[in-house]
Amino acid sequence: MGELVDSISKKCDFKTDKIIFLNTGDIEDGKIVNNNCYKISDLPGQAKKKIKNGDILFSEIRPKNKRYALVENIDETNYVVSTKLMVLRNKDSKVLNMKYFYYFLTSPKMLRYLQSEAEARSGTFPQITFKDNIYPITINLPSLAEQNKIVKNIDSIVNKIKNNQKINTNLIA
């Protein structure tokens with residue numbers, strides 16, 4: 001995977017006084033669940049990493065907790081994320097569909113593998129790193145056209161699940 005994606009640690013040069021900071025608790029199972037706005041002077045010390053649309057945010061801590069999201073449709077100038085989130089960025093969009101990679105990385109099999117890697121590490125909590133745990137993973141990488149077809153099929157299933165969840169919520173109400 002290290003040949004396909006980079007782990008980004010680019011610091012922010014803010015052009016606005018209102019910044020949205022995302023910590024590991026602000027993303028869950030593919031969604032940004034909180035958009036906490038801060039003044040630059042009030043940002044926590046771990047608010048360091050700049051993100052872009054198309055990046056994957058993936059928590060270094062306890063992969064089984066599903067603290068990950070694919071960044072889409074945000075105003076990039078206003079966001080910064082915690083140092084405890086990996087910011088994974090595509091090296092070449094002509095080779096890798098980042099959503100394909102996102103679905104691979106967040107598959108149950110990969111989450112189990114990454115969790116076992118985290119638990120095998122010594123330290124105060126189960127943690128993974130890009131260099132030790134993501135970079136060396138081998139991925140079956142079909143052509144970009146095939147990746148796009150796979151993503152389209154998975155997106156269709158995901159959208160059906162979301163619609164069914166909305167229907168279920170409405171039925172309960």
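A quick note: this is a predicted structure, and the numbers were derived from the prediction, not measured.
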Within this structure, what is the CD-CG distance for the pair E146 and L144, rounded to the nearest 0.5 Å?
10.5 Å
D92 side chain vs L4 backbone, donor-acceptor pair below 3.5 Å:
no
How far apart are the closest heavy atoms of E117 and N133, and which atoms are they?
OE1-ND2, 3.0 Å
Name the residue from V5, V87, I8 that meets the side-chain contact (heavy atoms from CB on, under 4.5 Å) definition with F130.
V5
Could you tell me whether the side chain of Q147 and the main chain of Y100 form a donor-acceptor pair under 3.5 Å?
no
Pairwise side-chain contact, Q115 with P126, heavy-atom cut-off 4.5 Å (strictly under):
yes
Give a yes or no on whether Y103 and L105 share a hydrophobic cluster (residues Ile, Leu, Val, Met, Phe, Trp, Tyr; joining criterion: side-chain heavy atoms under 4.5 Å apart).
yes
Are L57 and V33 connected in a single hydrophobic cluster, I mean Ile/Leu/Val/Met/Phe/Trp/Tyr linked by side-chain heavy atoms less than 4.5 Å apart?
no
Regarding D155 and K99, does a basic nitrogen lie under 4.0 Å from an acidic carboxylate oxygen?
yes
With D26, which residues qualify under side-chain hydrogen bond (donor to acceptor under 3.5 Å, both in side chains), at least two apart?
N34, N36
Got a sec: does the CD of E72 have more than 12 other heavy atoms crowding it under 6.0 Å?
yes
For side chain to side chain contact (heavy atoms under 4.5 Å, CB included), just list the numbers for Y79 and V71, CA-CA rounded to whole Å, side-chain angles, deciding distance to a tenth of an Å, and then say yes or no.
CA-CA 11 Å; Y79 279 79; V71 179; over 6 Å; no
Cluster link I134 to V95, ILVMFWY, side chain under 4.5 Å
yes
Heavy-atom pair with the smallest gap, counting every atom of F104 and M1:
CE2-CE, 3.0 Å
Got more than 12 heavy atoms from elsewhere within 6.0 Å of NZ, K50?
yes
Once rounded to the nearest 0.5 Å, what's the spacing between atom OG1 of T129 and atom CZ of R121?
6.0 Å
Quick one, I154 and V151 - any side-chain contact, counting heavy atoms below 4.5 Å?
no
If you take all heavy atoms of I27 and R67, which pair is closest and at what distance?
O-CD, 2.9 Å
Between the CG atom in N53 and the CG atom in L70, the distance rounded to the nearest 0.5 Å is 9.0 Å
Transitive ILVMFWY side-chain link Y102 to L96, under 4.5 Å
yes
In this structure, would L114 and Y135 fall into the same cluster of hydrophobic residues linked by side-chain contacts under 4.5 Å?
yes
Which heavy atom of L22 sits nearest to which heavy atom of L85, and what is that distance?
O-CD1, 3.7 Å
Taking C-beta and beyond as the side chain, do D75 and I20 meet within less than 4.5 Å on heavy atoms?
no
Separation of I150 CD1 from N153 CG (nearest 0.5 Å):
8.0 Å
So how far is it from Y113 OH to I128 CD1, rounded to the nearest 0.5 Å?
9.5 Å
Could you check whether any side-chain N or O of T169 sits under 3.5 Å from a backbone N or O of Q165, counting only pairs where one atom can act as donor and the other as acceptor?
yes
Under the side-chain hydrogen bond (donor to acceptor under 3.5 Å, both in side chains) test, which residues partner T106, sequence neighbours left out?
none
Using every non-hydrogen atom in the two residues, find where E60 and K49 come nearest and quote the distance to one decimal.
OE2-NZ, 4.3 Å
Please round to the nearest 0.5 Å and tell me the distance separating atom CG of D55 and atom OG of S7.
10.0 Å
Verdict with reasoning, K91 to D6, per salt bridge (Lys or Arg N to Asp or Glu O under 4.0 Å)
CA-CA 7 Å; K91 286 185 177 181; D6 279 322; 3.6 Å; yes
For Q46 and N23, the nearest pair of non-hydrogen atoms, with its separation, is NE2-ND2, 3.2 Å
Geometric class of the Y68/F58 ring pair [parallel <30°, tilted 30-60°, perpendicular >60°]:
parallel
